[in-house]
Amino acid sequence: MPPLLRSKRLSMDMLRPLLPAREWERVQAYPVQDAGLGTDAFGTRRDLLGFAYALGYWLHRHYFRVVSAGHEHIPSHGGGVVVGNHSGVLPFDGMMLGADVFRYTEPPRLVRYMVDYFVYQMPFVGAFFRGVGQMPGTRRNFDGLIEEGHLVGIFPEGAEALGKPKERRYELLSFSQGHVELAARHGVPVLPFGLVGAEEQQTMVADLRPLAKALRLPYFPITTTFPWFGPLGLLPRPSRYFIHYGEPLQIDPDALRSMELRNREVERVRDSVAVLIAKGQATRREYRGTAQ
C-alpha cells in the first residue's frame, strides 16, 4: 500500500474510537467521490471530515449541548442555500450548525460554507477548511456545489457579525444579496435558520482595527478573556445553543431582473431568520424555567 494511503488509513483507524458506532458509520457512508489523490473535486478528504465531525459531535453533544428543531425542513437531497445569523467572535456557530445538520439528516448531509478569503491566507487553515468541505466564497465555487446537489452555507451578515458588541446581541446586520441572487439563478430553495447561544459565548469589548488591517483580518477582538489569558482566552464559554430551521423559501426568479424585488426577497429571508431567532430565545427561556 502506498505510504500516503497507509497514513490516511491509520488516521481513520485512530478516529474510530472518537465517535459512537452509528456516527462512525455515517461518516463512512458520506459519499466522497475520489477525483484523485484521495479527495473529491472540491478537495474534501474523508479523514479530515471524520476528524472535524468527531470534534464537532463532541462539542455539539457535550459542550454546547445543542437543542435543535425543524430538521424536517432540511431537504434530503438536491441543492439548497442555508442562511442564518452569525456571531460569537469565533465561528463555532457555523461548526455546530454543520454538525447538527450532519447528525440529524438521513442520509447525512454536509453544509459546505462559502468562506471569506482571509481564512485561506492563513497557513494550514485554508488547506484544512478545504479538506472538510468548505470553499472560498466565489460564484464559480457556489455554482459547482449547487450543480452537484450540495447544501451551501452562507452568512449574509458577513464576518463583521462575529464581532458584534454586547449591546447589539441578536440584532441582525444588513443582509448581502448574494444568497438570493444565486438561489434564484439555480432555482434552489433558501433554508433559513436562527441560532441562539453563540452571542453569549464570548463578549467583545474592543476591536483593534489597525492590527486587524495589518494582519488582513476582518477584526482583531479584545474580549473579557483575550489576550489576557493568551490563546486559552479564545475558548468560548459553554453557552447552550438553540437552533431552529424554518420552511424552505422559494426565491422569485424575477429577483434576477428587478433590484426592488431582489431587495424584498432579501428582507423576506432576513425576516424569517429573525422569527427563528425569536423562537430560539423563547425555547431558551422555557429551558431556564424548567431548570429552576
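Please read these numbers as outputs of a predicted model, since none were measured by experiment.
Taken together through direct or relayed side-chain contacts under 4.5 Å among Ile, Leu, Val, Met, Phe, Trp and Tyr, Leu249 and Leu172 form part of one hydrophobic cluster. Hydrophobic clustering, with ILVMFWY side chains joined whenever heavy atoms are under 4.5 angstrom apart, keeps Leu261 apart from Val188. Placement of Trp58 and Leu97 within a single hydrophobic cluster is found when ILVMFWY residues are connected by side-chain heavy-atom separations under 4.5 Å, directly or transitively.
To the nearest 0.5 Å, atom CZ of residue Arg264 and atom CG of residue Asp271 are 13.0 Å apart. Between the CD1 atom of Ile154 and the CG atom of Leu182 there is a distance of 6.0 Å, given to the nearest 0.5 Å. Here the straight-line distance linking atom CZ of Arg262 with atom CD of Glu260 works out to 12.5 Å at 0.5 Å rounding. Taking CG of Leu276 as the start and CD1 of Ile243 as the end, the distance is 11.5 Å to the nearest 0.5 Å. Atom-to-atom distance recorded for Glu247:CD and His73:NE2 is 5.0 Å, nearest 0.5 angstrom. To the nearest 0.5 Å, the span separating CD on Glu147 from NE2 on His186 amounts to 5.5 Å.
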Would you sort out whether Thr44 and Arg112 count as a side-chain hydrogen bond (donor to acceptor under 3.5 Å, both in side chains), showing the intermediate values?
CA-CA 10 Å; Thr44 310; Arg112 295 175 177 263; 2.9 Å; yes
Between Val196 and Ile277, does a side-chain contact (heavy atoms from CB on, under 4.5 Å) hold up when you go through it step by step?
CA-CA 6 Å; Val196 170; Ile277 291 173; 4.1 Å; yes
Stepwise, does the salt bridge (charged side-chain N to carboxylate O under 4.0 Å, His left out) test hold for Arg284 with Glu200?
CA-CA 13 Å; Arg284 180 166 64 177; Glu200 289 79 16; 3.1 Å; yes
Kindly determine whether Phe102 and Val111 satisfy side-chain contact (heavy atoms from CB on, under 4.5 Å), including the steps that lead there.
CA-CA 8 Å; Phe102 196 91; Val111 179; over 6 Å; no
Tell me, with the steps shown, if Glu286 and Lys279 meet salt bridge (charged side-chain N to carboxylate O under 4.0 Å, His left out).
CA-CA 11 Å; Glu286 291 174 6; Lys279 275 189 178 183; over 6 Å; no
Go through the steps to decide whether Tyr287 and Phe242 satisfy the test ring-ring contact (aromatic ring centres under 6.0 Å, His included), and finish with yes or no.
CA-CA 10 Å; Tyr287 265 73; Phe242 296 85; 5.3 Å; yes
Check step by step if side-chain contact (heavy atoms from CB on, under 4.5 Å) holds for Tyr30 and Leu49.
CA-CA 10 Å; Tyr30 183 79; Leu49 180 61; 3.7 Å; yes
Between Leu110 and Val101, is a side-chain contact (heavy atoms from CB on, under 4.5 Å) present by the stated rule, with each step listed?
CA-CA 7 Å; Leu110 179 64; Val101 170; over 6 Å; no
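Between Tyr241 and Val67 there is no side-chain heavy-atom pair separated by less than 4.5 Å. The side-chain heavy atoms of Ile146 and Glu148, taken from C-beta on, include no pair separated by under 4.5 Å. When side chains are defined from C-beta on, Val273 does not count as touching Phe193, because their heavy atoms never get closer than 4.5 Å. The closest side-chain heavy-atom distance from Arg61 to Val66 is not below 4.5 Å. Within the 4.5 Å cutoff, the side chain of Leu151 has heavy atoms near those of the Ile74 side chain. Side-chain atoms of Ile251 and Arg268, non-hydrogen and from C-beta on, do get closer than 4.5 Å to each other.
Between Pro236 and Phe64, the shortest heavy-atom distance links the atoms CG-CZ, 3.7 Å. Across all their heavy atoms, Gly246 and Leu191 have their closest contact at O-CD1, 3.3 Å. Across Ser176 and Val266, no two heavy atoms sit closer than the pair O-CG1, 4.1 Å. Closest non-hydrogen pair, Ala54 versus Leu18, comes out as CB-CB, 3.9 Å. For Thr105 against Arg109, the heavy-atom pair with the smallest separation is OG1-N, 2.9 Å.
A centroid separation of less than 6.0 Å is found between the aromatic rings of Tyr113 and Phe155.
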Under 3.5 Å donor-acceptor pairs involving side-chain atoms of residues 79-95, not counting sequence neighbours:
| from | atom 1 | to | atom 2 | distance (Å) |
| --- | --- | --- | --- | --- |
| Asn85 | OD1 | Leu195 | N | 2.9 |
| Asn85 | ND2 | Leu195 | O | 2.9 |
| His86 | ND1 | Asp93 | OD1 | 3.3 |
| His86 | ND1 | Asp93 | OD2 | 2.9 |
| Asp93 | OD2 | Ser87 | N | 2.9 |

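Ring geometry, His179 versus Phe175: the interplanar angle exceeds 60°, so the pair is classed perpendicular (tilted spans 30 to 60°). The aromatic rings of Tyr104 and His71 sit tilted, their planes meeting at an angle between 30° and 60°.
Under the rule for a salt bridge (charged side-chain N to carboxylate O under 4.0 Å, His left out), the partners of Glu171 that lie at least two apart in sequence or sit in another chain are Arg168. Not counting sequence neighbours, the partners of Asp254 by the salt bridge (charged side-chain N to carboxylate O under 4.0 Å, His left out) test are Arg257. Checked against salt bridge (charged side-chain N to carboxylate O under 4.0 Å, His left out), Lys164 has the following partners two or more places apart in sequence or in another chain: Glu157, Glu199. Shown here are the salt bridge (charged side-chain N to carboxylate O under 4.0 Å, His left out) partners of Arg103, two or more places apart in sequence or in another chain: there are none.
Using a 4.0 Å cut-off between charged side-chain N and carboxylate O, Glu23 and Arg26 make a salt bridge.
More than 12 heavy atoms of other residues, nucleotides or ligands lie within 6.0 Å of CD in Gln250, so this atom counts as buried by the packing criterion. Crowding of His62 atom NE2: a count of heavy atoms from other residues, nucleotides or ligands under 6.0 Å exceeding 12.
Listed for the Arg65 side chain is no donor-acceptor partner under 3.5 Å among the backbone atoms of Ser239. Not a single donor-acceptor pair under 3.5 Å links the side chain of Ser272 to the backbone N or O of Pro192. Between the side chain of Arg270 and the backbone N or O of Glu265 there is no donor-acceptor pair closer than 3.5 Å. Looking at Arg46, its side chain does come within 3.5 Å of a backbone N or O of Gln28 through a donor-acceptor pair.
Residues in residues 135-145 take part in these salt bridge (Lys or Arg N to Asp or Glu O under 4.0 Å) pairs, two or more places apart or across chains: Arg139-Glu181, Asp143-Arg185.
Judged by distance alone, the side chains of Tyr245 and Glu72 never bring a donor and an acceptor atom under 3.5 Å apart. Gln281 and Tyr170 are not linked by any side-chain donor-acceptor pair at a separation below 3.5 angstrom, with hydrogens and angles left out of the test.
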